[in-house]
Number of protein chains: 2
Amino acid sequence: MRILVVEDEPRIAADIREGLERAGYVAEIVADGEAAWFRAETETYDAMVLDLGLPRLDGLGVLRRLRAADVALPVLILTARDGWRERVEGIDAGADDYLVKPFRMEELVARLRAILRRTAGHASPILRAGPVELDTRTRTVSVTGREIDLTALEYRLLAFLLHRQGQVVPAGELLDHLHGSDSDREANALEALLTRLRRKLGPGIIETRRGHGYCVPAEAS
Amino acid sequence: MRILVVEDEPRIAADIREGLERAGYVAEIVADGEAAWFRAETETYDAMVLDLGLPRLDGLGVLRRLRAADVALPVLILTARDGWRERVEGIDAGADDYLVKPFRMEELVARLRAILRRTAGHASPILRAGPVELDTRTRTVSVTGREIDLTALEYRLLAFLLHRQGQVVPAGELLDHLHGSDSDREANALEALLTRLRRKLGPGIIETRRGHGYCVPAEAS
DNA sequence: CGCCGCCTGTCAGCCTCCCGTCAGCCGGGA
DNA sequence: TCCCGGCTGACGGGAGGCTGACAGGCGGCG
């Protein structure tokens, strides 16, 4: 699950990133409305957390443009405590839910899970890349129809790369996702993990881009 | 099975809780519509018992919002004796069944079981996995035809896993469904319970996926 | 009211196997 | 050719999971 977080206050943004990643999501932060609009249009996310009250293009503007462009992305908006008017406008503009600042991280995660569940009907729970299939409901992975056993960490790594199929992901980001950002693990641990995972998947699934990172190539479906 | 009960009258709420727990369900009570909406959206329940005529957001309002949000949760509504109009509106708003107050607890449980069975897609009230058979009406379990007795908790755990046969269920989720979300029980309690249950069932019924959770394998019908 | 049994959470000890580390190798680029 | 980034086999520590023992609690029964 990949979440786009639009928040200009660095402290809060960092908190949200940490909370989401602790809950097993992948968070990407952008700080202003223009960037949010661009990312939401050019990449695929599973949901968006949108602070109203942003520099450049404000949150409501982003939301309206998204809906006008028929982007069905679920959106959770963050509003100030006294932003009663904002909330109403936000819901009218197509937000799926709102949360009043300040809030507890648990609540953010709970509401996010709720709107993800609601929209879960649309997205297939199965991620595919060539001969590899990953079923998020049963947490099973198969290669050319044959089921294989992955450890918890291998599974998370594969799921993450499949969510970002076609993109090159830097090693540092992978480590962050696997262990939280406060990890002093060495890069070699990731390499060892990758070796073990590749052995189970077979060749050609996970590619190395020397100096850049790793990726699962887009098609070959 | 985890049931959300929405009832503002404490006496009745307590009665329902007791009846449901006696029948082997886990009941969580909320007293008003806003709370009901929030809980139903942020947690996962197997069904909801909803009193129409609540403070703040009324029962019908809750139901309409749930259905508008595409939440498929089975809902059983409670209405006053002369609430003919309410009943019709309730069914129109997406309730699965209704019950007229006052009612006998046995009837509530029976109807609940019926709508649970319907929505689970199980035509039969008997759940099977390999040599194990669980009859939800009589609450009996047998292995290769020989009846065994399970404690209340063991039964709940087995029933839940059988309902989600083929899926891997994380330990945290199992604890939620066994005790409700407000439990500070330790993971080890679950492990102890599993040991006792497995001893009665024999090997191969409940599998551990280290780091992922537990599951009853799908095939072996 | 007190005794007794069963259920279930906690604790401690054990076992399995995951995964981080290390050391050495490979291969591409200058 | 050397160097650097990435790969891989081996191994040991430790986390995750299992189980036997025990105790507190609750209901049943005399």
Side-chain angles (χ1 to χ4, degrees), chain A residues 24 139 141 148-161 168-216, chain B residues 17-19 21-26 139 141 148-161 168-216:
Chain A
R139 290 178 85 93
V141 176
I148 60 174
D149 265 0
L150 296 187
T151 69
L153 213 52
E154 288 162 358
Y155 177 89
R156 287 176 67 185
L157 176 57
L158 179 60
F160 187 90
L161 287 172
V168 177
V169 185
E173 198 171 331
L174 287 177
L175 278 171
D176 277 1
H177 173 70
L178 292 177
H179 297 110
S181 44
D182 53 333
S183 88
D184 51 353
R185 258 84 174 210
E186 305 238 339
N188 195 0
L190 177 62
E191 287 154 18
L193 183 64
L194 267 161
T195 296
R196 292 189 276 251
L197 179 55
R198 289 209 256 235
R199 188 175 307 144
K200 292 181 183 178
L201 295 179
I205 307 299
I206 300 176
E207 293 184 353
T208 303
R209 297 294 163 79
R210 189 172 245 256
H212 299 286
Y214 299 89
C215 95
V216 174
Chain B
R17 150 171 264 143
E18 194 192 322
E21 295 191 340
R22 190 178 302 277
Y25 299 110
V26 177
R139 293 177 65 81
V141 176
I148 60 177
D149 41 56
L150 299 184
T151 69
L153 262 189
E154 288 163 358
Y155 178 87
R156 272 188 220 163
L157 176 57
L158 179 60
F160 188 75
L161 285 173
V168 176
V169 186
E173 197 170 332
L174 285 177
L175 280 171
D176 277 359
H177 277 263
L178 290 177
H179 297 112
S181 53
D182 51 334
S183 88
D184 51 351
R185 256 86 173 209
E186 306 239 339
N188 196 1
L190 177 62
E191 286 155 19
L193 182 64
L194 267 160
T195 296
R196 294 188 272 252
L197 178 55
R198 289 210 256 235
R199 190 174 304 144
K200 294 181 183 178
L201 295 179
I205 307 300
I206 301 175
E207 292 185 355
T208 303
R209 299 288 167 82
R210 188 180 243 251
H212 297 285
Y214 298 89
C215 93
V216 174

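If you're wondering where the values come from, they're calculated on a predicted model, not measured in any experiment. Within every chain, numbering begins at 1; the chains are lettered A, B, ... in the order of the sequence lines, protein sequences first and strands thereafter.
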Q | Interatomic distance, A:L150 CG vs C:dC19 P [rounded to whole Å] | A | 11 Å
Q: With the side chain of B:L153 defined as its heavy atoms from C-beta on, choose the nearest nucleotide among C:dG20, C:dT8, D:dT8.
A: C:dT8
Q. What is the distance, rounded to the nearest whole Å, between atom CZ of B:R156 and atom P of C:dC7?
A. 14 Å
(Q) Counting distance alone, no hydrogens or angles: does the base of C:dG9 have a donor or acceptor under 3.5 Å from a partner atom on the side chain of B:R196? (A) yes
Q: Using atom NE2 of B:H179 as one end and atom P of C:dT8 as the other, report the distance to the nearest whole Å.
A: 8 Å
Q. Between CG of B:L158 and CZ of B:R156, what distance do you get to the nearest 0.5 Å?
A. 13.0 Å
Q: Would you mind telling me which residue lines up with the more 5' stretch of DNA chain D, A:R199 or A:G213, judged by nearest nucleotide?
A: A:G213
Quick one: which protein N/O atoms are closer than 3.5 Å to N/O atoms of nucleotides 27-30 of chain C? Pair and distance per line, please.
from	atom 1	to	atom 2	distance (Å)
C:dG27	N2	A:R210	NH2	3.1

Q. How close or far is atom P of D:dT19 from atom CG of B:L194, stated in whole angstroms?
A. 9 Å
Q: Could you state the atom-to-atom distance from CG of B:L174 to P of C:dG9 in whole Å?
A: 13 Å
(Q) How many whole angstroms separate atom NE2 of B:H212 from atom C1' of C:dC17? (A) 13 Å
(Q) Classify A:T195 by what it touches in the nucleic acid, base, sugar-phosphate, or nothing, heavy-atom distance under 4.0 Å. (A) base
Q) Is A:R209 touching bases, backbone alone, or none of the nucleic acid, heavy atoms closer than 4.0 Å? A) nothing
Q | Spacing between B:E186 atom CD and D:dG17 atom C1', to the nearest angstrom | A | 14 Å
Q: Could you tell me whether the phosphate oxygens of D:dC7, OP1 or OP2, come under 4.0 Å of any side-chain nitrogen or oxygen in A:Y214?
A: yes
Q: State, with a plain yes or no, whether a side-chain heavy atom of B:Y214 is found less than 4.5 Å away from one of B:E191.
A: yes
**Q.** Of B:V26, B:L190, B:L153, the residue whose pairing with B:H179 passes side chain to side chain contact (heavy atoms under 4.5 Å, CB included)
**A.** B:L153
Q) Counting side-chain heavy atoms from CB outward, which of C:dT10, D:dT8, C:dT8 is closest to A:E191? A) D:dT8
(Q) Given A:C215, which partner from the list A:I206, A:V168, A:T208 fulfils the side chain to side chain contact (heavy atoms under 4.5 Å, CB included) test? (A) A:V168
Q: State, with a plain yes or no, whether a side-chain heavy atom of A:I205 is found less than 4.5 Å away from one of A:L161.
A: no
Q) Using a cut-off of less than 4.0 Å, is there contact between a side-chain N or O of B:T151 and OP1 or OP2 of C:dC6? A) no
Q) Nearest-Å distance, CG (B:L197) to C1' (C:dC7)? A) 14 Å
Q.
Looking at A:E154 and A:T151, would you say the former's side chain and the latter's main chain have a donor-acceptor pair under 3.5 Å?
A. yes
Q) If you count the non-hydrogen atoms of other residues, nucleotides and ligands that lie under 6.0 Å from CZ in B:R139, is the total more than 12? A) yes
Q: Looking only at non-hydrogen atoms, find the nearest pair between B:H177 and B:F160 and report the distance.
A: ND1-CE1, 3.2 Å
Q: Find which nucleotide of DNA chain D each of B:L193 and A:R198 is nearest to by heavy atoms, and output the residue with the more 5' nucleotide.
A: A:R198
Q) Of A:E154 and B:L190, whose nearest nucleotide on DNA chain C comes first from the 5' end? A) B:L190
